[in-house]
There are 2 protein chains.
Amino acid sequence: METLSIYPGRGIHGQVVEAIGRRIVSGKEAPGSTLDLDALEITYDVSKTVVREALKVLAAKGLVDARPKRGTFVRSRSQWSLLDPDLLRWQFEEPSGSGLLDDLYEVRIIVEPAGARLAALRRTEEEVESLAAALAAVDEQADAEAIIEADLAFHRQLLEASHNELLIRMEYIIEIGLRARDVLVHTEGHRDDFLPPHQAVLDAVRRADPDGAERAMRQLLEQAAKDEQQIKNRGGK
Amino acid sequence: METLSIYPGRGIHGQVVEAIGRRIVSGKEAPGSTLDLDALEITYDVSKTVVREALKVLAAKGLVDARPKRGTFVRSRSQWSLLDPDLLRWQFEEPSGSGLLDDLYEVRIIVEPAGARLAALRRTEEEVESLAAALAAVDEQADAEAIIEADLAFHRQLLEASHNELLIRMEYIIEIGLRARDVLVHTEGHRDDFLPPHQAVLDAVRRADPDGAERAMRQLLEQAAKDEQQIKNRGGK
DNA sequence: TATTCATTTCTTATGAATTATTATTGACCC
DNA sequence: GGGTCAATAATAATTCATAAGAAATGAATA
């Protein structure tokens with residue numbers, strides 16, 4: 001799986017971007033507060049250049065705004081480019097990011113069934129085959145993490161078959177959130193529950209049945225939500 | 001209306017970001033090709049600092065990737081952060097961006113009815129009132145551009161009432177696309193067609209009727225699509 | 001009230017030192 | 001002789017230190 005993130009921890013610059021970015025996202029730097037460039041320089045033990053390039057990147061993500069005389073200050077949350085992959089990752093990895101995760105589930109149940117519908121209408125034969133292969137690959141995985149990745153790959157390929165670039169990107173966003181969550185739905189016990197709904201989606205897509213694909217995907221997600229709720233309740237006791 | 005864009009043309013830096021960004025988005029810089037930093041320095045008549053800060057920003061948007069020894073090169077389109085507000089604006093303002101606009105309409109008819117449903121479930125009394133005010137404001141506008149802005153404001157406020165942060169951001173994206181398109185649906189003749197469907201959405205939201213809100217929004221969008229198609233056909237002849 | 005002016009802070013600039021990655025080379029086993 | 005591996009050199013980005021420039025604010029002044 002290729003990540004969309006640009007900073008694989010390589011170089012000092014990326015680390016500073018991520019450190020400051022996470023501080024802002026987590027609320028440690030309050031919106032409206034001004035950032036002290038000299039202080040950052042000392043805190044992260046880097047030169048002005050690095051600090052200011054990092055702030056430029058954060059400005060590109062809408063997190064900060066630099067104005068002459070007024071200083072560089074943190075923008076309010078509503079101004080952030082919340083759909084930026086890095087920003088999403090930082091958010092979801094925050095302990096307080098569960099609210100956004102709920103939002104994500106809602107978006108998922110809106111987007112994915114619609115995507116399945118379009119996929120059923122537009123998929124090529126090759127895409128049906130690779131979808132089938134992706135589904136088969138889930139069964140071959142051993143550990144939970146690999147299963148999750150394979151599952152995500154299936155959903156990603158399905159949305160790609162919708163041939164709608166914006167939907168595909170939204171699926172990437174959904175992936176980031178699902179990957180960041182701690183709850184692992186795919187335990188051994190649930191493997192039997194997993195395959196049939198996915199197979200149903202695949203079948204509908206294969207026979208180019210938009211209504212069926214949409215319905216099957218909705219059922220799949222509702223079932224998954226139910227399973228997860230069960231696990232959460234069990235774990236919460 | 002506040003833009004999410006970070007570069008209001010202020011400063012040389014932003015201009016270089018936009019210039020190079022647009023070249024890449026438009027395909028003038030082929031994916032995989034390496035960018036010559038010295039050449040850019042000369043082309044835009046700025047120093048190394050500006051060029052490299054601009055490239056850092058573009059890297060944050062996933063457009064380029066800089067590697068020691070290999071150079072700075074353009075990433076493939078699939079790696080771009082397509083949902084970035086700036087990137088979307090550049091795309092939509094390209095003549096060749098009509099494919100993405102079609103995608104956008106599809107997303108809109110997926111997201112907005114679902115958003116209307118959630119809004120009906122969660123809106124506060126204050127939100128109903130400001131929605132009503134937003135709709136009333138549309139009627140007061142004189143020129144086409146102002147009407148469009150007022151219309152967008154209505155849709156934006158509706159999605160905000162869904163209280164789902166991700167949906168709200170998607171609406172921002174939709175806005176960017178709609179604002180960039182050249183076709184102006186809201187000509188004088190269509191004003192009568194405009195109000196009733198919007199009123200229907202508002203009424204459903206007011207009486208907390210999710211099914212009604214979803215249906216009304218879907219009808220609104222389908223009607224709008226039909227109108228636009230008509231205009232396009234008329235203009236095309 | 002309007003204008004000027006000094007201050008503050010970001011912005012741009014420059015060039016050199018540093019670091020990281022890759023390609024090359026040569027040595028060493030198979 | 002062919003292939004793998006490690007040391008090396010070349011290359012380009014990265015980082016750094018410093019300084020001059022531009023812009024906005026707010027106070028002092030007319």
Side-chain angles (χ1 to χ4, degrees), chain A residues 2-3 5-21 24 29-76 79 86, chain B residues 2-3 5-21 23-24 29-75 79 86:
Chain A
E2 190 152 8
T3 175
S5 178
I6 292 86
Y7 309 103
R10 190 176 44 204
I12 301 174
H13 167 80
Q15 291 172 31
V16 176
V17 169
E18 188 151 336
I20 302 177
I24 294 174
E29 301 286 348
S33 68
T34 64
L35 297 175
D36 184 346
L37 301 190
D38 297 331
L40 292 174
E41 202 173 325
I42 295 164
T43 304
Y44 299 105
D45 192 32
V46 290
S47 72
K48 279 194 212 314
T49 311
V50 175
V51 170
R52 99 176 312 285
E53 283 185 354
L55 289 178
K56 273 272 153 54
V57 170
L58 294 178
K61 296 183 188 303
L63 287 182
V64 303
D65 190 13
R67 298 281 191 82
K69 168 69 182 177
R70 280 180 56 85
T72 300
F73 49 87
V74 181
R75 298 178 93 180
S76 69
Q79 316 220 284
D86 290 314
Chain B
E2 190 152 11
T3 173
S5 178
I6 292 83
Y7 310 101
R10 188 177 47 205
I12 301 173
H13 166 80
Q15 291 172 31
V16 176
V17 170
E18 188 151 335
I20 302 177
R23 279 191 62 83
I24 294 174
E29 300 286 348
S33 68
T34 66
L35 297 175
D36 185 347
L37 301 192
D38 297 332
L40 292 174
E41 203 173 324
I42 295 164
T43 305
Y44 299 105
D45 191 32
V46 290
S47 73
K48 282 190 215 314
T49 312
V50 175
V51 170
R52 93 177 315 282
E53 283 186 354
L55 289 177
K56 273 273 152 55
V57 170
L58 293 178
K61 297 183 188 301
L63 287 182
V64 304
D65 190 13
R67 298 281 193 83
K69 169 72 184 180
R70 282 179 57 86
T72 299
F73 50 88
V74 180
R75 299 177 90 179
Q79 317 233 24
D86 289 314

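All values reported here derive from a predicted model rather than from experimental measurement. Each chain gets a letter, A, B and so on, in the order the sequences are listed, and its residues count up from 1.
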For A:Thr49 and for A:Gly71, find the nucleotide of DNA chain C with the closest heavy atom, then tell me which residue's nucleotide is more 5'.
A:Gly71
Once you round it to whole Å, what is the distance between [atom2] of [N] and [atom1] of [X]?
X	N	atom1	atom2	answer
B:Lys56	D:dA13	NZ	C1'	8 Å
B:Lys48	D:dT14	NZ	P	14 Å
B:Asp45	C:dA13	CG	C1'	12 Å
B:Asp38	D:dA13	CG	C1'	12 Å
A:Glu41	D:dC16	CD	P	9 Å
B:Leu55	D:dT15	CG	P	14 Å
B:Leu37	D:dA13	CG	C1'	8 Å
B:Arg70	C:dT22	CZ	C1'	9 Å

Report yes if a side-chain nitrogen or oxygen of B:Thr72 is closer than 4.0 Å to either non-bridging phosphate oxygen (OP1 or OP2) of D:dA13; otherwise report no.
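Answer yes for this pair, as a side-chain N or O of B:Thr72 is under 4.0 Å from OP1 or OP2.
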Is any side-chain nitrogen or oxygen of B:Arg52 closer than 4.0 Å to OP1 or OP2 of D:dT14?
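For D:dT14, OP1 or OP2 has a side-chain N or O of B:Arg52 closer than 4.0 Å.
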Looking at every non-hydrogen atom in both residues, tell me the closest pair between B:Ala54 and B:Val16 and how far apart they are.
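Looks like CB-CG1, 3.8 Å.
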Roughly how far, to the nearest 0.5 Å, is the [atom2] atom of [Y] from the [atom1] atom of [X]?
X	Y	atom1	atom2	answer
B:Lys56	A:Glu53	NZ	CD	4.0 Å
B:Asp45	B:Ile12	CG	CD1	8.5 Å
A:Lys48	A:Leu37	NZ	CG	8.0 Å

Nearest-nucleotide pick for [X], side chain only, options being [options]:
X	options	value
B:His13	D:dT14, D:dT15, C:dT12	C:dT12
B:Pro68	C:dT12, D:dT15, D:dA12	D:dA12
B:Val46	D:dC16, C:dA13, D:dA12	C:dA13

With the side chain counted from C-beta on, respond yes when A:Val74 and A:Leu63 share a heavy-atom pair under 4.5 Å apart, and no when they do not.
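Result no, sub-4.5 Å side-chain heavy-atom pair not found.
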When you measure only distances, ignoring hydrogens and angles, does the side chain of A:Ser47 come within 3.5 Å of the base of D:dA17 through a donor and an acceptor?
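Not at all, since no donor on one side and acceptor on the other fall under 3.5 Å apart.
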